[in-house]
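Report on the following structure.
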Amino acid sequence: NSSRSSLRLNVLSELLTSEKRYNADLEALQKFSQEVKIEDALDDSEFEAIFSNLDALVDFQRQFLLQMESKLTPTSLASIEQSYECGVAE
């Protein structure tokens with residue numbers, strides 16, 4: 001069914017778009033945390049409580065996005081669509 005296939009592709013596309021936005025937001029937050037640190041706006045314990053895992057999270061999400069992008073290429077999406085249209089995947 002081409003409408004189901006189209007829906008699947010739209011969902012995959014939206015996941016990729018959302019992940020890109022999330023990464024951009026995390027990177028903006030990381031830049032903000034660096035400014036907070038430079039300005040010494042928080043003491044060390046407050047800074048650590050708020051931003052403790054941010055760098056690790058940003059690194060993980062970057063790698064996750066790269067993996068998604070490598071798997072969800074236009075060619076792979078076309079292949080997924082064709083698999084569903086042929087009844088190979090349901």
Nearest 0.5 Å, please: how far is CG in Leu7 from CD in Glu14? 12.0 Å
Donor-acceptor pair, distance only, cut-off 3.5 Å: does the side chain of Ser13 make one with the backbone of Asn10? no
Whether Asp25 and Lys20 form a salt bridge (side-chain N of Lys/Arg under 4.0 Å from carboxylate O of Asp/Glu) is what I want to check. no
Same apolar cluster (I L V M F W Y, side chains within < 4.5 Å links), Tyr22/Val11: no
Here the gap from Glu48 atom CD to Asp43 atom CG, rounded to the nearest 0.5 Å, amounts to 11.0 Å
Minimum side-chain heavy-atom gap Val58-Leu29 below 4.5 Å: no
Using modelled atom types only, decide if a donor and an acceptor are shared between the side chain of Ser70 and the backbone of Gln67 within a distance under 3.5 Å. yes
Phe60 side chain reached by Gln63 side chain, heavy atoms, under 4.5 Å: no
Rounded at 0.5 Å granularity, tell me how far OG in Ser18 sits from CG in Leu65. 11.0 Å
Once rounded to the nearest 0.5 Å, what's the spacing between atom NZ of Lys71 and atom CG of Leu12? 13.5 Å
Inspect the surroundings of CG in Asn53 and state if more than 12 heavy atoms from other residues, nucleotides or ligands are less than 6.0 Å away. no
Check side chain to side chain contact (heavy atoms under 4.5 Å, CB included) between Asp59 and all other residues, then give those that pass, not counting sequence neighbours. Arg62
Neighbour count above 12 (heavy atom, 6.0 Å) for Glu39 CD: no
Write down the atom of Asp55, the atom of Gln30, and the distance for their closest heavy-atom approach. OD1-NE2, 2.7 Å
Please identify each residue that fulfils side chain to side chain contact (heavy atoms under 4.5 Å, CB included) with Ile50, with sequence neighbours left out. Leu42
Hey, does Glu19 have a side-chain heavy atom less than 4.5 Å from the side chain of Glu69? no
Could you tell me the separation between the CD atom of Gln61 and the CG atom of Leu26, rounded to the nearest 0.5 Å? 6.0 Å
Once the angle between the rings of Phe51 and Phe47 is folded into 0 to 90°, is it parallel (under 30°), tilted (30 to 60°) or perpendicular (over 60°)? tilted
List for me each residue that meets side-chain hydrogen bond (donor to acceptor under 3.5 Å, both in side chains) alongside Ser52, sequence neighbours excluded, and say none if there are none. none
